[in-house]
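Worksheet for the structure shown next.
Sequence positions, counted from 1, serve as the residue numbers for this chain. Ligands are counted one by one from 1 in listed order, and the atoms in each one are counted from 1 as well.
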Amino acid sequence: MPRILAITGGVGGAKLALGLSKILSADEVLFAVNTGDDFTHFGLHISPDIDSLTYALAEQNNTELGWGRAGETWQFIEAMQQLGGDTWFRLGDKDLALHMRRTELLQAGANLTAATAQITTALGIQHRVAPMSDDAVRTLVHTDLGTLAFQHYFVREQCQPAVSGFEFSGMQDAQLNPVIAEFLNTCDGVVICPSNPYVSVDPLLGLPGMRQALTRLPLIAVSPIVGGIALKGPAAKMMRELNVPATASAVAAHYDGLLSGFVLDNTDAAHADQFNVPVLVTNTIMDSLQSKIALAQACVSFLQELD
Ligand code: FO1
């Protein structure tokens with residue numbers, strides 16, 4: 001099997017990541033995850049996309065909520081409410097332990113990569129989850145309410161404000177995770193999982209040296225837009241607010257220059273001739289483990305054909 005770098009953000013990308021983890025060994029795939037959503041809350045370092053991927057790979061993700069951990073209890077946040085503390089960002093009791101453990105490891109001198117490795121290993125995950133950088137890069141969202149930190153936009157304001165642009169603070173001083181840089185030197189291809197292009201994938205693409213490394217490799221992206229809607233999250237709304245058509249071909253155009261191929265859902269098969277790269281038309285709706293594995297297999301085969 002080829003060695004693949006999988007670039008992913010939160011929930012949508014994490015579904016394909018689970019599928020890839022079922023067909024590729026820990027040596028054959030590296031998950032490069034967005035950390036632009038990270039923030040400090042109650043003094044804890046919270047990495048939502050790392051958390052979503054971790055719980056997905058551990059098959060302990062909370063499918064009702066679409067984030068956090070399965071089988072969660074909420075004693076902490078209810079007690080926090082009683083004490084008049086912030087409750088807009090809901091931390092479950094078991095999830096809280098993960099943020100506390102990560103914060104403890106970071107405060108003891110571990111970098112985010114090492115802290116993440118300890119946590120994923122403790123949860124029985126064989127595969128490697130690499131934060132895009134061990135340096136702080138934070139996504140800021142320019143909106144009609146002003147510039148918002150990502151979680152304020154996404155959770156506190158529930159993605160309601162109209163966006164006009166994004167900014168990744170710390171990007172110019174951040175280093176691409178050396179684990180990712182090293183893997184890129186020896187891997188056979190790259191899959192951009194179906195995550196939000198603007199706030200989940202662009203932070204990785206913006207890291208110094210990342211685009212240059214990617215242009216040397218076969219790279220495919222799976223459209224996060226199906227039939228003009230985003231299966232999860234605000235991508236289509238953002239596109240409309242940015243005066244970009246909420247279409248799969250607009251996503252492909254966003255990745256222009258990097259793509260060797262593009263993966264479209266069957267719903268959009270009629271548009272397959274609009275692309276200037278080879279297109280794979282398949283089912284990208286991942287509503288079961290089998291569909292996650294099937295899409296992963298289709299992506300790996302597609303990459304191998306393009307090589
Ligand atoms: N998303 C919400 O919509 N509401 C929440 O209260 C919330 C809490 C939360 C706690 C931990 C965590 O890792 C993620 C959490 N998320 C919540 C999801 C998170 O905001 C998103 O997954 C990403 O930031 C966007 O991909």
Side-chain angles (χ1 to χ4, degrees), residues 7-18 31-58 60-78 80-81 85-103 106 112 115-116 119-120 123 125 129 131-132 136-141 143 148-161 163 166 168 192-204 224-225 230-238 286:
I7 290 175
T8 182
V11 181
K15 289 182 175 181
L16 178 55
L18 179 62
F31 297 107
V33 202
N34 170 46
T35 55
D37 295 5
D38 290 18
F39 75 128
T40 300
H41 196 50
F42 297 130
L44 301 174
H45 183 120
I46 297 184
S47 300
D49 283 353
I50 293 178
D51 298 344
S52 295
L53 180 60
T54 298
Y55 292 139
L57 293 178
Q60 295 192 42
N61 53 310
N62 187 316
T63 50
E64 294 83 52
L65 286 175
W67 46 266
R69 189 165 169 172
E72 203 40 289
T73 53
W74 306 93
Q75 301 295 303
F76 161 77
I77 202 70
E78 284 165 17
M80 184 55 80
Q81 169 116 35
D86 269 346
T87 57
W88 59 270
F89 193 77
R90 296 186 57 70
L91 289 169
D93 299 331
K94 289 192 278 188
D95 193 39
L96 183 60
L98 186 150
H99 306 304
M100 283 190 170
R101 179 68 175 137
R102 175 188 292 125
T103 304
L106 293 173
L112 190 55
T116 301
I119 289 166
T120 51
L123 290 174
I125 295 166
V129 173
M132 68 186 199
V137 177
R138 297 292 174 260
T139 300
L140 301 174
V141 187
T143 78
L148 297 174
F150 185 78
Q151 294 305 332
H152 288 168
Y153 163 77
F154 191 89
V155 179
R156 201 188 62 194
E157 306 305 330
Q158 299 177 14
C159 305
Q160 293 310 307
V163 309
F166 308 97
F168 305 122
I192 297 181
C193 297
S195 290
N196 185 310
Y198 302 100
V199 293
S200 298
V201 181
D202 277 357
L204 284 108
I225 299 288
L231 298 178
K232 183 92 184 84
K237 176 177 182 287
M238 287 177 171
M286 294 177 279

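Residue Gln158 does not touch ligand 1, judged by heavy-atom distances below 4.0 Å. With a 4.0 Å cut-off on non-hydrogen atoms, Asp49 touches ligand 1 through its side chain and not its backbone. When heavy-atom distances to ligand 1 are checked against a 4.0 Å cut-off, Asp95 comes that close only through its side chain, counted from C-beta outward.
Listed by number with element, the atoms of ligand 1 under 4.0 angstrom from any heavy atom of Trp88 are 6 (O). In summary, the atoms of ligand 1 found under 4.0 Å from a heavy atom of Asp37, numbered by their order in the structure, are 23 (C), 24 (O), 25 (C), 26 (O).
In this structure, Arg102 CZ and Ile46 CD1 are separated by 8.0 Å, a value rounded to the nearest 0.5 Å. Within the model, atoms OG of Ser200 and CD1 of Ile192 stand 11.5 Å from one another, a figure rounded to the nearest 0.5 Å. One finds the SG atom of Cys193 at 11.0 Å from the CG atom of Leu18 (value rounded to the nearest 0.5 Å).
Taking the six-membered ring where the residue is Trp, Phe150 and Tyr153 present tilted rings, their angle falling between 30° and 60°.
Side-chain N or O atoms of Asn34 include none that pairs as donor or acceptor with a backbone N or O of Gly9 at under 3.5 Å.
Regarding atom 4 (N) of ligand 1, its nearest protein heavy-atom neighbour is Val155 CG1, 3.4 Å. Nearest protein neighbour of atom 22 (O) of ligand 1, counting heavy atoms only, is Ser52 OG, 4.0 Å. With respect to atom 8 (C) of ligand 1, the closest heavy atom belonging to the protein is Arg90 O, 3.3 Å. Ranking protein heavy atoms by distance to atom 13 (O) of ligand 1, first place goes to Asp51 OD2, 2.8 Å. Distance from atom 24 (O) of ligand 1 to its nearest protein heavy atom, with residue and atom name: Gln151 NE2, 2.8 Å.
Among residues at least two apart or in separate chains, there is no salt bridge (charged side-chain N to carboxylate O under 4.0 Å, His left out) pair with a member in residues 33-48.
Ligand 1 has no N or O atom lying under 3.5 Å from any N or O atom of His99, backbone or side chain.
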Practice prompt. Starting from the C-alpha separation in whole Å, work towards a yes-or-no answer on salt bridge (charged side-chain N to carboxylate O under 4.0 Å, His left out) for Arg69 and Asp93.
Written response: CA-CA 9 Å; Arg69 189 165 169 172; Asp93 299 331; over 6 Å; no

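Looking at Phe89, Phe154, Trp67, Phe150, it is Phe154 that brings a heavy atom closest to atom 21 (C) of ligand 1.
By the ring-ring contact (aromatic ring centres under 6.0 Å, His included) test, His152 is found to be paired with Trp88, residues two or more places apart in sequence or in another chain being considered.
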